[in-house]
Amino acid sequence: MGDDALVAERSGLISSMLAVIDRRDWGDLVDLVTDDVVYHRPGCPPIEGVDAFVAFYRRRCIVASGRHAVDRWVESGGQGFVWGRFEGMSHSGVPLNEIFADWFEVRDGRVARRRTFFYRPAI
């Protein structure tokens, strides 16, 4: 697979994952991450394993609805970095509007590692 095809595949995976999260489609989310996925997120201990990853979104995440808008994607050697803005609503009705950045490691066509960064203590 050429470099352009790898970038498209991986950015497609990340775009798909963010869209699935935005739709709150937890069944599809399971198929986009490895069984041993690890997610590092500000203010949380590491979220380890597919079950804990999905449970985070189902039970712990404050977001009730919203959309990730990706501004840019950079990829090299099985890793990617994406940044953009998230706009949505919390479960308590508070509007959410945050700039975010995420680092990803992709293995076997699935997300194996994710680390989220915010510009302030946030969602």
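The first residue in the sequence is number 1, and the count goes up from there. Both backbone and side-chain heavy atoms feed into the values below; hydrogens, waters and symmetry mates do not. Since the model is a prediction, treat every value here as computed from it, not as a measurement.
- Under the 4.5 angstrom side-chain criterion for Ile, Leu, Val, Met, Phe, Trp and Tyr, the cluster partners of Trp103 are Val74, Phe81, Trp83, Phe117.
- Between Asp108 and Thr34 there is no side-chain heavy-atom pair separated by less than 4.5 Å.
- The OG atom of Ser65 lies 11.5 Å from the CD atom of Glu87; values are rounded to the nearest 0.5 Å.
- Residue Phe100 holds its CZ atom at 7.5 Å from CG of Asp71, rounded to the nearest 0.5 Å.
- Annotation: side chain of Ser15 is not in contact with side chain of Trp73 (no heavy-atom distance under 4.5 Å).
- The hydrophobic clustering, which links ILVMFWY residues whose side-chain heavy atoms are closer than 4.5 Å, places Met17 and Val70 together.
- Scanning both residues, Met89 and Pro95, for their nearest heavy atoms gives SD-N, 3.6 Å.
- A distance of 14.5 Å separates CZ of Arg114 from CD of Glu105, quoted to the nearest 0.5 Å.
- Two different hydrophobic clusters hold Val106 and Val38 under the rule that ILVMFWY side chains link at heavy-atom gaps under 4.5 Å.
- Atoms CZ and CZ, from Phe86 and Phe118 in turn, are 8.5 Å apart once rounded to the nearest 0.5 Å.
- For residues 42-69, no pair satisfies salt bridge (charged side-chain N to carboxylate O under 4.0 Å, His left out), with sequence neighbours left out.
- Judged purely by atom type and a 3.5 angstrom limit, Asp102 has no side-chain atom pairing as donor or acceptor with the backbone of Val82.
- Val94 places none of its side-chain heavy atoms less than 4.5 Å from the side chain of Ile62.
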Side chains of residues 23-33: which donor-acceptor pairs under 3.5 Å do they make with residues two or more places apart or in other chains?
unit_1: Arg24; atom_1: NH1; unit_2: Val63; atom_2: O; d: 3.0
unit_1: Asp25; atom_1: OD1; unit_2: Asp28; atom_2: N; d: 3.4

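- Taking 4.5 Å as the limit, some side-chain heavy atom of Arg113 sits within range of a side-chain heavy atom of Arg107.
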